[in-house]
Structure formats: C-alpha cells, structure tokens
Amino acid sequence: MVSKNNKKNNKSTKKINTKKENYTGFIKSRNFIWTVIGTVIIVVIVLVAIFNPFFEPPASIHPDTYYKVSGGDLLSNGQSAVFFLSWIGCPIGATDSWAIYSAINSTSDIYSHVKLHTADPTDVYSNGTTGQPGLLFKGNFTFTTSGHKFTFYPLYMYNENMTGTVTNSKLNTSQLIPYGLNLINETYPARVAAMFYRYSNYTKYDHHLTTTVLITGPHGSYILNSYMYTPVSGGLLGSGTPSSGSWQPNTPEHVMSHLSESKSITDAAGTFSGYLSKAQ
C-alpha cells in the first residue's frame, strides 16, 4: 500500500512540476513577444533608412551643385535611372556631355548611343562659326556601373538655335518655358516630371530651361543644374574668354580622341559616378 506521506509527496511534486511548466510557458511566451517586437523595430529602422519619410528636399537649388532631392527612387519601382534634360544647341549640355560619357563609358560601352556635335555658334563658348564641342545622346539606353543597372533618358527640348522644337516647329520666346515643361510632363514619369517642375524656377535662363541632370535610385535622388565643370582657356574644349566670339573651341573629334587627358572632365566624371553610387 502507498503511504500517506508518499501521496503527499506526489501531490507536491505535481504542483511543483505544474508551476515549472506554467513558468516555462510564460518565459517562452514573453520571449516570443520580445522577439516579435525586436523584429518590428528592426524592420521600421530599415524602412526609415531606405525611404526616410522625414527627409525634406531643399527649397531651392543653385547652378553647378548636386542636391539630394529625395530619400528614395522617383520611379516607385526600386529601379535606377538618369534623366538628362537639355537642348540641341546648348553649350552647357555640350560641356556636360563629355563628363557623362566619360563616367558611363568607363564601365559600359555607349559609343553607339552618341554622336559628335557642336553647340549653337552664336552662344557663349563659340567663335561665330562653330560652338562648344559636345555629344548628343541618340535615345534611351541602359548601362551598368558597379554591378548596378541604370537607364539613361535624354530629352532635348529645343532645336540648334532655340527658335523651335527639335523638329523645327516654330516657337516664340514666350513659348519656350511652357513648351519645355509640357514636354517634360509628357515624356518623363509623373514623379520625375514633378521634380523638374518643383525646381523649374531655378533651371531657367534667358527665357528658356537649361541643362539639368536628375539621378534617381533606391537610396536617393540627386539633381544638378548647369555645368558639371567649368571650361578653362587652354583646356581640352577650347581657348579664349567665355564670351561669344572670343572663345576658340576645339573640334568634338579632337576632344573625343584626347578625352582621358582632361583633368576637369575626369574629375567631373568621377563626381557624377559618385552620385550614381549614392543613388543605387
């Protein structure tokens, strides 16, 4: 027969085991809750780091300077792109084209996507016969840098001497800016176009929109208006003073064949590549 003491001991053991099980279950449940909370916190931190809902774009931009204008990509699909806005005869577009070409072509062969060109001969950096040497981008293309894919979207708003569209439909001076903004809206994705609109007051010069570059990717978007570098007398692009008729430009063929010799262009290409890396 089982003694009374044994029965009491069995009951005590069962109570202790039940308490242990309940306590262990409580610990496991609490650990699970803290694990869930910790995971949620980590996810929130990652999302904030990527999309940064507290990021505030600059109220204004100034020429020749890169500005961060978004904490994420403007395409809403995690992809990366470069939007290049200019006009066919623009001396700024011609100047910047070499830095952009040098940067991209160092990792992806894009020679077939450009053609040699000279800017408007009546504009600055000209001699009345030929304008600033440069490149025209023929159309959209993709390139890869640091293993990351970008798409390049060039958009030329006006013709060689800014008297009309690229197909030479007549435009009056008062029509240049409205036409350019409308073309941006029709051609570029909505959030990209909105960014160009946002800073349109700071990308105007002499009644028209000037060359502007927008880089966008998962980790941020950056905008630059005007020159990526300043042409200097005796440099690869030409010689003389930066005024119409006093600048002696080199030919685009000469620039292309000596491109790697220009420190100004190489440095500007490096800066441009740096912002591609920041965005991707």
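Since the model is a prediction, treat every value here as computed from it, not as a measurement. Below, each value reflects all heavy atoms present in this structure, side chains not excepted, and no hydrogens, waters or symmetry copies.
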Contacts of type salt bridge (Lys or Arg N to Asp or Glu O under 4.0 Å), residue D267, not counting sequence neighbours: K263
Can you name the closest pair of heavy atoms from [X] and [Y] and give their distance?
{"X": "S262", "Y": "L236", "result": "CB-CD2, 3.7 Å"}
{"X": "G220", "Y": "A279", "result": "O-CB, 3.3 Å"}
{"X": "Y156", "Y": "I88", "result": "CD2-N, 3.9 Å"}
{"X": "L74", "Y": "S221", "result": "CG-OG, 3.5 Å"}
{"X": "S97", "Y": "L135", "result": "OG-N, 2.9 Å"}
{"X": "L85", "Y": "Y188", "result": "N-OH, 4.4 Å"}

Do F152 and M228 sit in one hydrophobic cluster, given that two such residues count as connected whenever their side-chain heavy atoms are within less than 4.5 Å of each other, even indirectly? yes
When hydrophobic residues are tied together by side-chain contacts of less than 4.5 Å, even through go-betweens, does I184 share a cluster with V213? no
Filter on side chain to side chain donor-acceptor pair (under 3.5 Å), then keep only pairs touching residues 222-238, sequence neighbours left out; what's left?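 Output for this query lists D64-S226, T210-N225, T212-N225.
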Passing option when S80 is tested against K149, H148, Q280, H219 for side chain to side chain donor-acceptor pair (under 3.5 Å):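 It is H148; the other options fail the test.
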Which residue is it: W247, W98, Y125? I am looking for the one with a side chain to side chain donor-acceptor pair (under 3.5 Å) to Q132. W247
Pair listing, salt bridge (charged side-chain N to carboxylate O under 4.0 Å, His left out) test, anchored in residues 94-122, at least two apart: none
Look at atom NZ of K204 and say whether more than 12 heavy atoms of other residues, nucleotides or ligands are closer to it than 6.0 Å.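 Yes.
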State, without any angle test, whether T165 and T167 hold a side-chain donor-acceptor pair at a distance under 3.5 Å. yes
Under 3.5 Å side-chain donor-acceptor pair for T163 and N161: yes
Ring-plane angle category for F141 and H113, please: parallel below 30°, perpendicular beyond 60°, tilted otherwise. parallel
Are the side chains of P63 and Y205 in contact, using a 4.5 Å heavy-atom criterion?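 Answer no - side chains too far apart.
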